[in-house]
Number of protein chains: 2
Amino acid sequence: MLSSIYHDNQPVTIGILGGGQLAKMSAQAAYRLGLRVAVIEPAENSPAGMMTKADFPLGWYDSTELERFVEVSDIITLENEFIAPEILDGMTDKRLVFPTPDTLRQVQDKFIQKQTMQRAGIPVPVFAAINSVEEAYTFGKEHGYPYVMKTRTLGYDGYGNATVGRDNQAMVAFMRFTSDPDVPRQMMAEKFVKFRKELAVMVARNRRGETAVYPCVETVQENHICRYVLAPAPDIDDGIRKKAQEIAVAAVEAVEGVGVFGVEMFLTDTDKLLYNEIAPRPHNSGHYTIEGCYTSQFENHIRAICNLPLGSPDLIVPAAVMANVLGKRIGSGVPDTVVGLMRHGRVSFHLYGKATSRVGRKMGHLTALGASVQEALALVKAAEEDLLW
Amino acid sequence: MLSSIYHDNQPVTIGILGGGQLAKMSAQAAYRLGLRVAVIEPAENSPAGMMTKADFPLGWYDSTELERFVEVSDIITLENEFIAPEILDGMTDKRLVFPTPDTLRQVQDKFIQKQTMQRAGIPVPVFAAINSVEEAYTFGKEHGYPYVMKTRTLGYDGYGNATVGRDNQAMVAFMRFTSDPDVPRQMMAEKFVKFRKELAVMVARNRRGETAVYPCVETVQENHICRYVLAPAPDIDDGIRKKAQEIAVAAVEAVEGVGVFGVEMFLTDTDKLLYNEIAPRPHNSGHYTIEGCYTSQFENHIRAICNLPLGSPDLIVPAAVMANVLGKRIGSGVPDTVVGLMRHGRVSFHLYGKATSRVGRKMGHLTALGASVQEALALVKAAEEDLLW
């Protein structure tokens, strides 16, 4: 349904918690479908906030601001899984919220998340909660080294992780995240996975439980940040592709997810798939879908939360490659010059419109299509050399 | 250049005169490039106006409103060629405006437009200014019947045209548009063209004079309104395709156009190309470029007026077909149900977000890609049957 049930003679307003690039691209999809957009984020001039008058820059910790945001919205979603589920709880008696607070609870704590997946029969790395330095030593003794010590909540892009290479590193790793008595952190450990590829699958699931499953892609990281996404993942068997998609669907169903979800997996050096992470929202590994697929992850996210039929997730062309455009310095969010980049006429350039850049910050992305992953990758690599900050 | 030269630490703001679907899709492209958008239009809640806080709904006849719009904008463009060039003149000492007032002057008066094209060596139908009923009779006597009587300014989608089938219809046709002394209309006549196809080519031209030429497409009209666009135009020789593209480029150069222009042509039943019309802005016949081409007409319009290199206008897939979604009744701008339509998972649905519909009003469009025009056309036709107002 596209008509608002709360406001006469209006289309649905999608309310987005968060105003960054994921919110921006979701807003783009909502507008294409003739819907309206509201954005709440604790900042002025956010990339998505610029695109609407229904912008609430005091953020969701301001209860009046939050009330006003809820009032203008019909269906509420998020771009950032770190929001406290209690804030969503407070909205669900007034408006539909997807993903739901319950889904968020199962996802936000990485230990609970892994338990949920394991219970659903999804293959996961060996893991355990670590509540003391002694348990840290025990984990290493039982399962070997190296292992990864992780904060159970609030980690992303490598923040909140520490590799424990041998027993005498366990204490330092544990203390690193737990030494501030004002900021209690629960910890967990995961056996280090020797992987030959990191894979990802986006899954859209609407309120009726219908799903659209995107291709299995490979993500290439540098310094814990995604650099490239290769679609479809090259050099893996069709059987593994299908299995990765099945795992992704099972993961989304395990948390009763509604919306688009990004499921990340490891492909071990013995070609076994192991679940890694789930993001309850559109994901960096799905930006290629804008040009590369019949329906982008952003449009399917909007369709899913509006309970509309999902669009085809299939690739339009044989291959697509996305490259993140990461900040190289502290400075302006506008590149010095894009003229060189734009001469690459078959490469799509997305600039998120953030006011400032810093090293490693996601400022935009490039996407190229091709007859093969190699061809598309060569196109983006040639283009990114000509983008000067 | 993407940085504003008028406002520190900001990207360029594209100011758009007009807030309808062409402005909306241009705004989408500007946002993707990290730019900002301002919209001026004499209406609240216009499709494009919804997408920005820099919305000026008192319109350009309000001089204060116009000043405020000009102040926030860096580069100004339009979505509607009916704006008085004098309004643009008033802005050009402060801001860059594309298309320029001079281009608009050459385009807005269809008689001057045809003279310009003829002088540039472009093949045009036989035409003449008609300043009296006598001249109307003379035209028919010299060139035969039927011919089309047209207002020289302000006609579109068939409004302002009257077919003169025989001499005794000439007076009625002439008087029809010229009988109101308060609304002086200048008239012209054009010999009726027996065409087997109507063709169109979008051309982007930046401030350096670089061009990107889109495929030659066929437009299918019903009741003077575009119903379908078939890309590329089927059943014509490659030689004719190339010639159509050359004519289109020559037409844009003849008016020194900057931005994206839609050039329409007739293909006669003896396979001759005749120039018909030019729109100094993105055009209905180019909506297929959003999904179908490496760079949409809207993005190339933004690139052109910002003097950036143009993106590739090539088709990504063999064929694309667009169908306009036209209003069937007076009523809401939101369809009763889109569920049936959206089950067609490979058809892209664009809804413009207009508040009300009326018969024949452009409310949105559908686009399908395919291995052939027939395949893509079948997809859109199947989908549009399931869209219910």
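Letters A, B, ... are given to chains in the order of the sequence lines, protein chains preceding strands, and every chain is numbered from 1.
Proximity to chain A (any heavy atom under 4.5 Å) is restricted, for B:E291, to the side chain, taken from C-beta onward. Of the atoms belonging to A:T295, it is side-chain heavy atoms, and not backbone ones, that fall under 4.5 Å from chain B. Heavy atoms of A:L310 lying under 4.5 Å from chain B belong exclusively to its backbone. Contacts of A:K24 with chain B are made by side-chain atoms alone, with heavy-atom separations under 4.5 Å and no backbone atom involved.
Near-neighbour residues of residues 369-384 of chain A relative to chain B, defined by a heavy atom under 4.5 Å from a heavy atom of that chain, comprise A:L369. Scanning residues 39-55 of chain B against chain A with a 4.5 Å heavy-atom cutoff picks out B:N45, B:G49, B:M50, B:M51, B:T52, B:K53, B:D55, ordered by number. Residues of residues 344-352 of chain A that come within less than 4.5 angstrom of chain B, heavy atom to heavy atom, are A:G345, A:R346, A:V347, A:S348, A:F349, A:H350, A:L351 in numerical order. Chain A is approached within less than 4.5 Å, heavy atom to heavy atom, by B:R208, B:E210 from residues 204-214 of chain B, ordered by number.
Taking chain A as the reference chain and counting heavy-atom pairs below 4.5 Å, the highest number among B:A27, B:S312, B:P11 is found for B:S312.
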